[in-house]
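Take a look at the structure below.
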Number of protein chains: 2
Amino acid sequence: MSLTHTGVTTPAPLDPCGLEEHPDCGIRDVLDRIGDKWSVLVIVELAGGPRRFRELQRAVEGISQRMLTLTVRRLERDGLVLRTVYPTVPAQVDYRLTGTGADLTHLVKALADWSLAHRADIAEARQSYDRTHPDHDIH
Amino acid sequence: MSLTHTGVTTPAPLDPCGLEEHPDCGIRDVLDRIGDKWSVLVIVELAGGPRRFRELQRAVEGISQRMLTLTVRRLERDGLVLRTVYPTVPAQVDYRLTGTGADLTHLVKALADWSLAHRADIAEARQSYDRTHPDHDIH
DNA sequence: CAGAATCCCTAATGATACTG
DNA sequence: CAGTATCATTAGGGATTCTG
């Protein structure tokens, strides 16, 4: 959607990143996957190599059995994680990143880098906001 | 970044992306902001230039007045968006990306690019999964 | 071990009405 | 126009119990 300003000499509406080209297309799918509470943490752990169910649960601190199950299932469904069942007894299952999943770690790293680079800015902005808007509660 | 899987000589878990270095640190803050339902769409719209409240609401299809308010407030609090009130009557307010917010659009674009690049893979993986796991409901 | 099945609670979002 | 205030709904997530 072109939002060309009607301004006389106003410089064309800048879109430095070319984001207008794909407003929603597909981003939601990815955000729905990595935007939840645990997926990124699981992916990061799996970036270190294959893990069994209990290993993952111990590594990802605070995750419940239920949420770990749901998280790995969804990652598996999206083809980001490969689940392998070994017919031993008791059962043994391991999870590992697929090619797509491994590629996703690059994106996660970009996110982590950006977060670290701007962490101080954001923290400061929040403090400033909370100081100047004491009554306001938007969390 | 090489993903060479030696297998034999690498007892140590490989971390091709260096993700282990910052497991959680700061990523959550960013994901909590861009992981919600509307923030990315608002940011993308603002990447096209300053917008007034109603303009934003019309541009971001489906967003309620309440959620738009909450979304821009949170973005403002994090220093990603600048809110300017003009003391006219009726009131006039515009929103624009700050420096940090504009920088964030780079990350959003990386996300969009990745999403587009892997959209087919993911869609196919899902279909395959749903076909082989008919009863399973994990959404 | 690796889950499946329940129950319960809270946060997130939506709908509607009202205001400076 | 640009919100605020309420109420209703739903999705996400946690705790617990049970099983192959």
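Chain letters run A, B, ... following the sequence lines, proteins first and then strands; every chain starts at 1. Remember, predicted model here, so these are calculated numbers, not experimental data.
- Taking 4.0 angstrom as the limit, B:K37 places none of its side-chain polar atoms (N or O) nearer than this to OP1 or OP2 of D:dA11.
- The distance between atom CG of A:L68 and atom C1' of C:dA2, rounded to the nearest whole Å, is 10 Å.
- Rounded to an integer number of Å, the gap from A:D36 CG to C:dA11 P is 18 Å.
- Residue B:Y95 is in sugar-phosphate contact alone, with no base atom involved, counting any heavy-atom pair closer than 4.0 Å across all strands shown.
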task: Start with the C-alpha distance between A:W38 and A:L68, add both sets of side-chain angles, then the distance that settles side chain to side chain contact (heavy atoms under 4.5 Å, CB included), and finish with yes or no.
output: CA-CA 8 Å; A:W38 302 108; A:L68 180 55; over 6 Å; no

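- What separates NE2 of B:H133 from P of C:dG3 is a distance of 11 Å, to the nearest Å.
- Distances shorter than 4.0 Å separate none of the side-chain N or O atoms of B:R54 from OP1 or OP2 on D:dA2.
- Regarding A:I63, its CD1 atom lies at a distance of 9 Å from the P atom of D:dG13, rounded to whole Å.
- One interatomic measurement links the two molecules: CD of A:Q65 to P of D:dC18, which rounds to 14 Å at whole-angstrom precision.
- When the nearest nucleotides of DNA chain C are assigned to A:R66 and A:A91 by heavy-atom distance, the more 5′-ward of the two goes with A:A91.
- In this structure, of C:dG14, D:dG13, D:dA2, it is C:dG14 that holds the atom nearest to the side chain of B:M67.
- For the OP1/OP2 pair of C:dG3 and a distance below 4.0 Å, the side-chain nitrogens and oxygens of A:R52 include no atom meeting the criterion.
- What separates CG of B:L70 from P of C:dA11 is a distance of 14 Å, to the nearest Å.
- In this structure, the CG atom of A:D94 is 15 Å from the C1' atom of C:dG3, given to the nearest Å.
- Checked for salt-bridge contact, A:K109 and A:D113 meet the test: a charged N lies under 4.0 Å from a carboxylate O.
- Among the nucleotides D:dG13, C:dG3, D:dG3, the one closest to any side-chain atom of B:R83 is D:dG3.
- The nucleotide whose nearest atom lies closest to any side-chain atom of A:R73 is, among D:dG3, C:dT13, C:dG3, C:dG3.
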field: Criterion side chain to side chain contact (heavy atoms under 4.5 Å, CB included) on B:M67 and B:Q57, from CA distance to verdict
entry: CA-CA 10 Å; B:M67 285 317 296; B:Q57 191 176 6; over 6 Å; no

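- Side-chain polar atoms of B:Y129 and A:D78 form no donor-acceptor pair below 3.5 angstrom.
- Of the possible polar contacts, none joining the A:S115 side chain to the B:V30 backbone as a donor-acceptor pair under 3.5 Å is found.
- As a whole-Å value, the separation of A:R28 CZ from C:dT13 P is 9 Å.
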